[in-house]
Amino acid sequence: MKREDLIKLLKRNGWWLKREGSDHSIFTDGKANEPIPRHNEINELLAKQIIKRRGLK
């Protein structure tokens, strides 16, 4: 999955960029944080885990 697509999905579900780390961008919904790696392509398994863990639609 492309990193841009995962970020768009997060933003549509109310998440926003909290800060930039050295290797990850940290997104939050105000309660929980989710690190997103800074690769153009994110491993499909990792992307599915993030989507399932955060209940994204």
Enquirer: With sequence neighbours excluded, what pairs up with Asn13 under the side-chain hydrogen bond (donor to acceptor under 3.5 Å, both in side chains) test?
Expert: none
Enquirer: Going by heavy atoms in the side chains, are Phe27 and Ile7 under 4.5 Å from each other?
Expert: yes
Enquirer: Looking at NZ of Lys48 and CD of Glu44, how far apart are the two atoms once the value is rounded to the nearest 0.5 Å?
Expert: 6.0 Å
Enquirer: Run the side-chain donor-acceptor check on residues 36-43: report pairs under 3.5 Å with partners two or more places apart or on a different chain.
Expert:
{"residue": "Arg38", "atom": "NE", "partner": "Glu20", "partner atom": "OE1", "Å": "3.0"}
{"residue": "Arg38", "atom": "NH1", "partner": "Gly21", "partner atom": "O", "Å": "3.3"}
{"residue": "Arg38", "atom": "NH1", "partner": "Ser22", "partner atom": "O", "Å": "3.3"}
{"residue": "Arg38", "atom": "NH2", "partner": "Glu20", "partner atom": "OE1", "Å": "2.5"}
{"residue": "Arg38", "atom": "NH2", "partner": "Gly21", "partner atom": "O", "Å": "2.6"}
{"residue": "Glu41", "atom": "OE2", "partner": "Lys2", "partner atom": "NZ", "Å": "3.4"}
{"residue": "Asn43", "atom": "OD1", "partner": "Leu45", "partner atom": "N", "Å": "2.7"}

Enquirer: Roughly how far apart are Ser25 OG and Arg19 CZ, rounded to 0.5 Å?
Expert: 10.0 Å
Enquirer: Given side chains that start at C-beta, do those of Glu34 and Arg53 come closer than 4.5 Å, heavy atoms only?
Expert: yes
Enquirer: For a 4.5 angstrom cut-off between non-hydrogen side-chain atoms, does Leu10 reach Trp16?
Expert: no
Enquirer: Minimum heavy-atom separation for Leu56 to Trp15, with atom names?
Expert: CD2-NE1, 3.8 Å
Enquirer: Are Ile50 and Ile26 linked, directly or through other ILVMFWY residues, by side chains that come within less than 4.5 angstrom of each other?
Expert: no
Enquirer: Once you round to the nearest 0.5 Å, how far does CD1 of Ile51 lie from CG of Leu6?
Expert: 6.0 Å
Enquirer: Rounded at 0.5 Å granularity, tell me how far CG in Leu9 sits from CE in Met1.
Expert: 6.5 Å
